[in-house]
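Structure record follows, encoded as structure tokens.
A note on names: the letters A, B, ... follow the listed sequences, proteins ahead of strands, and every chain is numbered from 1.
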Protein chains: 2
Amino acid sequence: MGVRKARAAETQTALKEAARRLFVERGYLNTKITDITAAADRATGSFYEHFASKQDLLEALLTDMRGDASEAMAEHPREHDLTDRTQLRAHLDVAWHTIRVNLPVVVALHESDMTDSDRSDKVWLRLVEETEVLRHHLEYLREQGHDLPGDPTLVAAAMGGMLSTLAYALLRSGNPAYPDDQVVDTLTALLRNGLSGAGKAQP
Amino acid sequence: MGVRKARAAETQTALKEAARRLFVERGYLNTKITDITAAADRATGSFYEHFASKQDLLEALLTDMRGDASEAMAEHPREHDLTDRTQLRAHLDVAWHTIRVNLPVVVALHESDMTDSDRSDKVWLRLVEETEVLRHHLEYLREQGHDLPGDPTLVAAAMGGMLSTLAYALLRSGNPAYPDDQVVDTLTALLRNGLSGAGKAQP
DNA sequence: GTCTATACTGGGATAGAC
DNA sequence: GTCTATCCCAGTATAGAC
């Protein structure tokens with residue numbers, strides 16, 4: 001790779017990193033392209049050499065994220081018993097930390113879908129898509145003869161909505177009101193035993 | 001009230017109603033002031049005779065909503081046992097239908113808070129505020145010696161987040177993927193018994 | 001109070017020198 | 001590839017006639 005190309009790559013990286021930082025700090029919609037270039041110490045015009053628009057930049061970040069995620073998730077078997085406290089907690093823990101690490105993208109997508117005009121069901125579709133793995137686990141449980149609280153897609157969406165809203169609300173402030181562990185513990189207890197059985201010892 | 005004033009009130013109402021409709025259909029951020037006046041069959045300039053800005057109009061809608069809500073909630077006792085299936089379901093049912101009825105405002109606030117620059121914790125604050133009643137019930141349960149899944153504020157926020165995200169995602173499309181009853185039933189089962197105890201008969 | 005017409009502004013996007 | 005300067009538009013908000 002030549003010096004010229006290296007410099008270009010450097011700029012692209014700088015833009016991405018500036019964007020990630022700003023998306024968390026002030027949100028996707030509030031972040032203007034000029035904010036990004038300024039934060040990356042580049043001129044406004046340079047932005048368009050690398051991305052066609054802010055949406056396009058987000059797409060790129062999303063691609064980066066998927067790259068990481070597909071390694072981590074590699075071959076995730078659906079034969080997991082979410083009624084088992086340990087397994088449920090492990091899942092929630094991974095989910096929570098995945099969101100935390102990818103917070104810029106999560107935030108941006110959240111806000112971006114929201115302003116997508118011609119698809120008022122975009123948010124629902126995204127929610128269903130994001131909770132696909134969860135749904136598979138639930139369907140597996142159902143096949144095992146376990147009675148679910150309801151339709152797997154709906155239950156998965158409900159759980160996912162709880163998780164993402166909480167993360168969005170909690171993680172964006174510099175020092176969250178609750179540490180990660182406590183959140184994951186609480187969600188585990190709530191989702192496993194509900195409100196009625198939370199106090200009981202785990203088998 | 002004179003004819004003149006009556007006509008003015010009529011316009012104001014028309015603007016509000018147009019706004020409510022559009023906020024659900026295309027979202028708050030996507031709805032431009034000119035869209036509202038057009039939908040209400042009024043001239044652009046007329047808008048400012050009644051509201052200083054779109055934000056101001058939202059404030060007005062919020063005030064209207066609070067008026068209705070305070071009647072309904074009047075004196076809601078905190079001595080409710082949310083571990084009781086019937087009581088839990090009743091609460092979720094009221095919450096769900098309240099959101100449904102006030103969907104325009106719920107959607108608008110959601111999007112508006114999101115773009116509020118200087119307060120990145122706005123969403124968290126709103127969530128805590130909205131789930132206050134729920135929190136009181138949980139604190140009551142705790143006082144009764146019941147073991148909660150976690151800190152009442154956090155649990156309440158988690159439940160509220162689940163509810164509002166689901167409502168936002170589901171209710172905005174013309175024909176939701178699930179009927180209200182099914183959603184409320186599912187949430188009731190999930191929140192009461194969690195994933196592990198859902199199949200058991202209610203005591 | 002409501003209208004039409006217009007001024008103003010933020011910010012996305014491009015042109016052209018370097 | 002990056003820069004500076006500029007164009008351009010959507011949307012907000014105002015002016016002034018009716």
Aromatic plane relationship, A:His110 with B:His110 - under 30° parallel, 30 to 60° tilted, over 60° perpendicular: tilted
Side-chain N,O (B:Thr11) to OP1/OP2 (C:dG1) below 4.0 Å: no
Nearest-angstrom distance from the residue atom NE2 of B:His50 to P of C:dG1: 7 Å
Nucleotide D:dG11, atom C1' - distance to CG of B:Leu29 in whole Å: 14 Å
Distance, rounded to the nearest Å, where A:Leu15 contributes CG and D:dG1 contributes P: 13 Å
A:Gln87 backbone acceptor or donor facing A:His91 side chain under 3.5 Å: yes
Protein-nucleotide distance (A:Glu49, atom CD; D:dT4, atom C1'), rounded to Å: 15 Å
Listed nucleotide nearest any side-chain atom of A:Arg42, set D:dC3, D:dG1, C:dC3: D:dC3
Contact letters for nucleotides 12-18 of chain D, in which S counts primed atoms plus P, OP1 and OP2 and B counts the base, heavy atoms under 4.0 Å: BBB----
Atom-pair distance (CZ on B:Phe51; P on D:dG11), nearest Å: 21 Å
Worked check of side-chain hydrogen bond (donor to acceptor under 3.5 Å, both in side chains) between B:Thr165 and A:Thr165: CA-CA 7 Å; B:Thr165 300; A:Thr165 300; 2.3 Å; yes
Donor-acceptor pair, side chain of B:Lys54 and main chain of B:Phe51, under 3.5 angstrom: no
Any donor-acceptor N/O pair, A:His50 side chain to A:Ala9 backbone, under 3.5 Å: no
Close side-chain approach of B:Leu92 and B:Val183, heavy atoms under 4.5 Å: no
